[in-house]
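By convention here, the first residue in the shown sequence is residue 1.
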Amino acid sequence: MSQFWRSLYRKYAADSFEGFAGGMENPGYRTGSFDGLHHPSDDDDDEMVDIAGATLDFTSTDDVPPLSSAGGFEEYSGASSSSSSRAAGMNGTGPSKLVDPLEDPLPGVGTYEDFNTIDWVREKSKDRDRHREITNKSKQSTVALLHSISDAFSGWLLMLLVGLMSGALAGGIDIAAHWLTDMKGGVCLVGFWFNHEHCCWTSNETTFQERDQCPQWQTWAELITGTSEGAFAYIVNYLMYIFWALLFAFLAVALVRAFAPYACGSGIPEIKTILSGFIIRGYLGKWTLIIKTITLVLAVSSGLSLGKEGPLVHVACCCANILCHLFTKYRKNEAKRREVLSAAAAVGVSVAFGAPIGGVLFSLEEVSYYFPLKTLWRSFFAALVAAFTLRSINPFGNSRLVLFYVEFHAPWHLVELAPFVLLGIFGGLWGALFIRANIAWCRRRKTTRLGHYPVIEVLVVAALTAVVAFPNSYTRMSGAELISELFNDCSLLDSSQLCGYKQPTNVSETAVGNSLADRPAGPGLYTALWQLSLALLFKMMITVITFGMKVPSGLFIPSMAVGAIAGRLLGVGMEQLAYYNRDWFLFKGWCSAGADCITPGLYAMVGAAACLGGVTRMTVSLVVIMFELTGGLEYIVPLMAATMTSKWVADAFGREGIYEAHIRLNGYPFLEPKEEFDHSSLAVDVMRPRRSDPALAVLTQEGMTVGEVEITPGSVRKAWSVRLRWCLPSTLRLRQRTPPLPSDSEASWTSAPSPSPTTRPWTSPWISSGSWDSASVWLHITGGCWESSLKRTY
């Protein structure tokens with residue numbers, strides 16, 4: 001690298017004044033810039049490192065020369081290129097095609113090894129050269145033109161395949177998980193492949209109060225003992241529930257450990273790391289996809305406090321990675337493949353929540369590292385295809401994409417913003433507490449003998465969950481069913497315990513549509529509130545030790561369940577407060593007798609969003625996802641208030657979300673743009689020179705002289721001399737010599753040119769990288785009565 005700088009300085013010192021003079025006459029050369037050194041047709045928006053038609057790769061750690069071309073700089077060995085080639089490069093008539101690194105392999109450049117980072121500049125350079133070659137050939141023949149069209153369409157075709165495959169897998173996972181979850185309670189005599197709801201669909205013997213009871217569905221106690229009543233039947237059902245939970249959990253952890261260790265966990269931390277450019281071989285492979293799909297169904301069905309929404313993002317990314325091998329431009333380019341993986345992350349959330357727009361925003365806000373505009377369009381298209389595919393499968397039989405889709409009809413009032421903000425505070429506190437507790441437990445798992453026995457750990461947690469969960473009906477049901485129950489708005493046809501209010505004497509006078517006015521709580525509701533309080537404590541504790549085990553485990557559903565329980569409890573409390581105190585100034589004027597003032601289901605939804613936001617630190621995408629779940633625009637403000645409050649409170653205890661915390665815990669090389677570093681280490685502390693180079697020097701922003709800044713003797717002073725010769729009037733230039741620049745002249749570095757009005761800033765960069773992460777540094781030199789600036793572009 002240093003020899004390249006020396007050759008650049010030698011070349012510039014030899015041709016400096018002639019270059020400035022020629023720049024006045026050559027329209028392709030702009031004064032003070034090397035942008036004119038390549039042909040105008042080579043200008044592109046892609047990220048490249050090109051000088052005079054040559055591609056330079058500075059990412060290799062080996063001592064390799066920079067690439068050269070016929071119109072570029074001298075060879076690394078010191079051989080000079082011909083004067084005609086140099087002139088062609090300077091006049092913008094050099095080669096129009098950049099050098100492809102694959103055509104001239106370099107040591108350390110090529111196929112990436114496992115646990116390494118890709119070269120983004122090289123990958124984008126390679127794709128730009130490939131696209132330029134296809135475009136040029138398309139003008140020569142019809143076959144080449146058709147090939148160009150198919151190449152342009154291949155991205156959309158790939159998105160179509162990803163959406164179809166991910167939607168089909170998500171539908172199968174939903175159906176299988178629902179069936180195995182119901183199998184813990186009984187079996188359908190008509191066909192064992194039917195779940196409880198589907199088994200009773202065609203039955204004519206169900207009643208309104210016991211709509212889930214039909215002769216075709218029998219519990220394990222009925223099959224074994226012949227009766228469903230009594231203590232013995234309860235114990236039989238209890239034991240069978242524990243047996244099936246342990247069996248499903250054992251199969252899940254055994255399959256993960258034996259065939260695909262990467263199939264455990266949520267997958268989102270690793271997906272974020274991969275999208276940032278890191279290579280993890282096998283994490284998105286076919287075996288991981290197969291085992292993750294199977295074990296996700298088993299883990300969810302076992303009753304563990306986890307969800308399938310996070311792992312569905314991993315499943316969708318596995319589908320995208322496998323399908324990328326069908327297309328050459330994605331198979332051979334890691335940067336292009338990561339654009340597809342960003343779209344696949346949006347597909348995963350789309351099929352998890354039935355929220356295509358929320359999925360795109362989730363990928364943009366939470367997961368993706370590089371998200372160009374074309375990826376946004378393709379993500380939206382893939383999410384749309386996946387949602388349509390899942391809707392066609394109709395896994396829940398209700399024409400909805402998720403089990404807990406709800407619609408609220410009663411409006412909210414300004415007074416309710418206070419409890420909504422209170423739910424946001426609870427969500428932020430819960431999120432911060434959960435992250436610290438979960439990371440502490442996972443660190444203990446990694447540093448103690450507990451980590452050596454993943455199967456035993458999963459079985460113990462599954463047994464503990466089953467033993468504690470079975471007596472409580474709200475912990476016995478799956479997470480999605482619990483959230484659906486809590487989101488539900490009580491109506492005339494509901495027989496749930498959460499709707500156990502005291503019935504009014506004249507229902508027709510207080511009914512509004514299909515809903516009822518606020519009513520006093522009855523014994524059934526009080527029982528449900530006690531059970532929900534116990535379920536809240538249990539969910540908060542068991543989720544801490546469940547997330548991170550060696551089974552597929554998502555965090556969306558458990559976090560939403562915690563917030564939904566807290567929100568429902570607060571909503572019922574507000575409802576009863578408004579019912580018994582209608583004359584208070586808070587309720588007077590808008591909450592009259594016989595009106596449906598408070599909707600507890602809305603509080604549950606706001607609480608779910610607050611807790612999920614506190615754990616993941618999502619904001620915009622979370623609000624859109626919850627909006628798509630409810631189908632109502634009027635509830636965006638409560639969701640926004642709770643979500644932002646949750647984020648502010650959680651950020652007060654730490655800016656890391658749960659996924660960033662797990663990335664740090666696992667030691668993945670991920671640079672979080674939201675993270676603030678307070679380290680005081682200098683670059684010289686972590687860098688080392690090559691064996692043939694002298695020791696590294698430290699450049700400080702201020703307090704140095706020209707002699708200390710110079711890389712080679714006289715390099716800055718030569719540029720300084722040219723600067724003055726160019727800026728001084730011609731009369732002075734002829735009559736006097738350029739004033740010398742002493743070595744003790746002050747030198748300082750800033751991010752802007754000199755503000756001196758008497759100085760014409762010399763904006764010629766020392767090297768032009770064209771990088772999308774470029775930044776300019778100016779070297780200010782003060783000598784005598786003259787001040788000027790040199791620009792260095794990184």
Side-chain angles (χ1 to χ4, degrees), residues 174-252 297-305 395-398 403-404 459 462-486 488 494-500 524 527-528 530-532 534-535 538-539 542 561:
D174 289 336
I175 294 174
H178 199 178
W179 170 55
L180 291 182
T181 300
D182 289 346
M183 185 178 289
K184 293 186 299 182
V187 66
C188 184
L189 300 181
V190 179
F192 71 92
W193 55 87
F194 288 122
N195 59 37
H196 193 171
E197 184 179 3
H198 292 173
C199 185
C200 296
W201 266 357
T202 58
S203 177
N204 296 324
E205 303 177 33
T206 57
T207 63
F208 175 75
Q209 296 296 334
E210 297 179 352
R211 66 186 69 179
D212 57 343
Q213 298 297 326
C214 63
Q216 290 81 6
W217 178 269
Q218 290 193 355
T219 63
W220 294 110
E222 291 177 318
L223 290 175
I224 297 175
T225 65
T227 178
S228 60
E229 304 294 336
F232 184 69
Y234 181 84
I235 294 175
V236 170
N237 287 329
Y238 201 164
L239 294 178
M240 290 302 297
Y241 182 90
I242 297 175
F243 167 76
W244 286 111
L246 291 176
L247 178 62
F248 294 154
F250 173 76
L251 291 176
V297 174
L298 294 171
V300 172
S301 304
S302 66
L304 291 169
S305 182
F396 303 109
N398 57 1
L403 190 61
F404 43 87
L459 292 178
L464 177 63
T465 303
V467 169
V468 179
F470 185 83
N472 191 336
S473 60
Y474 293 107
T475 54
R476 188 192 314 167
M477 63 179 64
S478 66
E481 292 176 344
L482 174 61
I483 294 175
S484 178
E485 183 82 4
L486 296 170
N488 183 38
D494 281 320
S495 59
S496 170
Q497 271 192 320
L498 288 174
C499 299
T527 303
W530 278 110
Q531 290 179 343
L532 283 178
L534 296 176
F538 172 71
K539 286 285 186 181
I542 200 65

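Residue pairs meeting the salt bridge (Lys or Arg N to Asp or Glu O under 4.0 Å) criterion with at least one partner in residues 174-202, sequence neighbours excluded, are D174-K308.
Shown here are the side-chain hydrogen bond (donor to acceptor under 3.5 Å, both in side chains) partners of S301, two or more places apart in sequence or in another chain: there are none. Taking the side-chain contact (heavy atoms from CB on, under 4.5 Å) definition, one finds that S302 meets it with F248, A249, L304, sequence neighbours left out. Among residues two or more places apart in sequence or in another chain, the ring-ring contact (aromatic ring centres under 6.0 Å, His included) test is passed with Y474 by none. Listed by chain and residue number, nothing satisfies the ring-ring contact (aromatic ring centres under 6.0 Å, His included) test with W179 (two or more places apart in sequence, or in another chain). Looking at residues two or more places apart in sequence or on another chain, you find no side-chain hydrogen bond (donor to acceptor under 3.5 Å, both in side chains) involving Q218. Legend: residues meeting side-chain contact (heavy atoms from CB on, under 4.5 Å) with L247, ordered by chain and number and at least two apart, are F243, W244, L251.
The shortest side-chain heavy-atom distance between Y241 and R476 falls under the 4.5 Å cut-off. In this structure, the side chains of L498 and N488 stay at 4.5 Å or more apart for every pair of heavy atoms.
Note that CD1 of I242 is 11.0 Å distant from OG1 of T465, once rounded to the nearest 0.5 Å. For the atom pair CG (L189) and CG (L223), the distance works out to 6.0 Å, reported to the nearest 0.5 Å. Interatomic distance, S478 OG to L180 CG, rounded to the nearest 0.5 Å: 12.0 Å. From K539, atom NZ reaches atom CG of L532 across 11.5 Å, with rounding to the nearest 0.5 Å. A distance of 6.5 Å separates CG in L534 from CG in N472, rounded to the nearest 0.5 Å. The distance from the CD atom of E481 to the NE2 atom of H178 is 5.0 Å, given to the nearest 0.5 Å.
Annotation: F250, atom CZ; neighbour count of heavy atoms from other residues, nucleotides and ligands within 6.0 Å does not exceed 12.
Counting all heavy atoms, side chain and backbone alike, A462 lies closest to A245 at CB-O, 4.5 Å. Residue S305 comes nearest to I542 through the heavy atom pair CB-CG2, 3.5 Å, listed as atom of the first residue, atom of the second, then distance. The two residues A177 and V300 come nearest to each other via the heavy atoms CB-CG1, 4.3 Å. Across all their heavy atoms, T475 and A535 have their closest contact at CG2-CB, 3.5 Å.
Ring geometry for H196 against W217 counts as parallel: the plane angle stays under 30°, on a 0 to 90° scale with 60° as the upper cut.
In terms of modelled atom types and a separation under 3.5 Å, the side chain of S484 and the main chain of A480 share no donor-acceptor contact. Remark: the backbone N or O of M183 is paired with a side-chain donor or acceptor of W220 at under 3.5 angstrom.
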Can you give the donor-acceptor pairs under 3.5 Å from side chains of residues 231-239 to other protein atoms, not counting sequence neighbours?
unit_1, atom_1, unit_2, atom_2, d
N237, OD1, A221, N, 3.0
N237, ND2, A233, O, 3.3
Y238, OH, V467, O, 2.4

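Between C199 and C188, a gap of under 2.5 Å is found separating the two SG atoms.
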